[in-house]
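Here is the structure we will look at, set down as structure tokens.
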Amino acid sequence: MDTCFMSQQSSQSLKNSYEEWLTARGLSISPFHIRWQTTLFNRLFYKWGRWKPNFLYIWFTLGVAFGIIAMFGSIFLLGKTLVQTLNQMMAESPASQNDRMLQVVVPGVNLPISQLSYFFSAILISGVLHEVGHGVAAVRESVRFNGFGMFIFIVYPGAFVDLFTTHLQLVSPVQQLRIFCAGVWHNFVLGILGILILVPLPALLFPFYYTGVGALVTEVVEDSPASGPRGLFVQDLITHVQDCQVTGVDDWHTCLTEISQMPQIGYCINTATLQQLQFPSRVYRRLDGSIECCNNNSLSDICFSYNSNSNQQQFACLPARKSIHNSQECRSNIDCQKTDAASVCAVPSIENQTRLIRVKHSPQLDMLFIGYPVHLQYAVSLSSFVPRYNFLSISLPVVIETFCKYLISLSGALAVINAVPCFALDGQWILNSFIEATLSSVIAEKQNRELLAFFILLAGSALLTANVVLGLWMVTAR
């Protein structure tokens, strides 16, 4: 009995020592949540908050204007996003989720694992700058600043500031607005800075990188349709996909999208060459209704269909590379006979929705791809920036470009979501202060003003919850 009692005492003592150790270091650990708070930066916040008071007054007053606009604008954006989501749910063939203005992001589902470092870095920077805005504005408005902290919730990083609540309640509603709006204002400014770097990036890197000459291959997914001895290689420069010119990454995606939406293009083949190259074969219909005429199990031979001079449809099994090497693309025999009267437009007869795509990529021979165009899109990583000198990294512009895009989108999303009049978000306090600042003379009873704010917050919370729940369902269940 004594041994058991001593064991319990020892366990309790160890627990108390552990909790004291955490408290002394500002740490707090609970399920799915780790939190750290410190006073190390208090002096820095007070220094920033007292720097050029007139400038900070103007700066945070601009933040109030933006915060109020963002609060009403966020309701519009969430409403529009909800309508788009519901339309996609009811549609038989849903449109791309990229069409929605706001999206739920789930790492590993609609966020590539390879880009998690960009995602978490952008979230952390956006969160820290958001809280710095609150802290500096609070010091500017003579609200006591207790400390700054950071946390990890599940896997998502964030930051927070601890302000003295009594001081915060004593300042005027307009002063409160400057403090509460400062976070979303700083997120907006950070997004603008990201745009100011991203848009002129080709000009900024012009002394070191070319642009507008093609799409540079920076990575090829192993065992993908684009890999192999006749596939794409790192540092290859893609200049054409079929007859579609590629001057950068955007062109690459646009060309492949157009190819997937258009019928399979044909290739001009001289009739004498066609007779010389074709193999004897039996024509039969595949399960999807398309025609196959190659029976030799060769991976390099493809069935082509063409109209003879008598306008009769015929089929020929041909070696793909030899047949279409340097051949002109065509839609009908008329396109070919403009340059060679003895040629026909031979169209690959392949499974529905798949395409034969010819990719020109110097200095290699053309790559021939058969399959779904979207698979080719995901098989390679590209850059619009081509190094002028061999010692320059091909990845650096991609890193800068990708990080700026994440910073713009995530900082912008943080500004929009935090401005929503929703319980526990900045929008709750922005709304309360806005009502106190503008409706005190119209609605005399404070209780009535609080009731109005409650119903608005209830509606905003429901709207945000509906977007998150349906957004998660669209991402994970469809």
Side-chain angles (χ1 to χ4, degrees), residues 32-34 70 73-89 94-131 150-160 183-184 186-188 190-195 197-198 219 221 249-250 253 374 377-378 381 398-420 422-427 460-478:
F32 311 113
H33 188 265
I34 300 174
S74 66
I75 298 173
F76 170 77
L77 286 177
L78 286 179
K80 186 169 184 178
T81 303
L82 185 61
V83 171
Q84 290 175 331
T85 303
L86 292 172
N87 288 338
Q88 287 185 14
M89 290 172 64
S96 168
Q97 293 190 30
N98 292 330
D99 295 338
R100 283 185 287 146
M101 302 185 74
L102 295 170
Q103 294 185 48
V104 175
V105 175
V106 181
V109 179
N110 61 346
L111 173 68
I113 298 297
S114 60
Q115 297 191 0
L116 285 180
S117 58
Y118 295 110
F119 178 76
F120 288 123
S121 298
I123 279 188
L124 186 59
I125 291 172
S126 300
V128 168
L129 199 68
H130 178 102
E131 296 303 327
M150 302 180 72
F151 65 86
I152 298 176
F153 177 68
I154 306 178
V155 294
Y156 297 96
F160 65 92
V184 296
H186 276 206
N187 283 132
F188 172 73
L190 182 61
I192 295 297
L193 287 175
I195 293 172
I197 295 172
L198 182 64
E219 183 183 2
V221 176
V249 177
D250 290 340
H253 293 300
V374 68
Q377 279 182 288
Y378 290 128
S381 297
V398 177
V399 170
I400 298 173
E401 188 176 35
T402 306
F403 180 73
C404 284
K405 288 178 179 178
Y406 271 98
L407 197 62
I408 294 164
S409 60
L410 291 173
S411 190
L414 199 60
V416 171
I417 299 303
N418 261 290
V420 176
C422 170
F423 294 109
L425 295 179
D426 286 349
S461 301
L463 183 61
L464 180 59
T465 302
N467 271 277
V468 171
V469 171
L470 294 180
L472 276 173
W473 185 83
M474 288 289 291
V475 168
T476 58
R478 299 205 69 166

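Sequence positions, counted from 1, serve as the residue numbers for this chain. For clarity, every value in this text was computed on a predicted model and none was experimentally measured.
- Closest approach of Val221 to Tyr378, counting heavy atoms only: CG2-O, 3.7 Å.
- Taking every heavy atom of both residues into account, Cys422 and Leu464 meet most closely at SG-CD2, 3.9 Å.
- In this structure, the separation between CZ on Phe119 and CG on Leu124 is 11.5 Å, given to the nearest 0.5 Å.
- In this pair, His33 and Phe151 present their aromatic rings parallel. The plane angle is below 30°, not in the 30 to 60° band.
- Put simply, CG on Leu193 and CZ on Phe188 are 10.5 Å apart, with the number rounded to the nearest 0.5 Å.
- Within the model, atoms CD1 of Ile408 and CG of Leu410 stand 10.5 Å from one another, a figure rounded to the nearest 0.5 Å.
- The two residues Ile125 and Leu190 have their closest heavy-atom pair at CG2-CD2, 4.2 Å.
- The two residues Ala122 and Ser126 make their nearest non-hydrogen contact at O-OG, 2.7 Å.
- Panel note: side chain Asp426, backbone Asn418; no donor-acceptor pair is recorded below 3.5 Å.
- Between Tyr406 and Tyr118, the ring planes lie parallel to each other; the angle is under 30°, not in the 30° to 60° tilted range.
- Note that OG1 of Thr85 and CD of Gln103 are 9.0 Å apart. Values are rounded to the nearest 0.5 Å.
- In this structure, CG in Leu129 is found 7.0 Å from OG in Ser411, a value given to the nearest 0.5 Å.
- The nearest pair of heavy atoms linking Asn467 to Leu78 is ND2-O, 3.1 Å.
- Rounded to the nearest 0.5 angstrom, Ile75 CD1 and Leu463 CG are separated by 7.5 Å.
- At most 12 non-hydrogen atoms from other residues, nucleotides or ligands lie less than 6.0 angstrom from CZ of Phe153.
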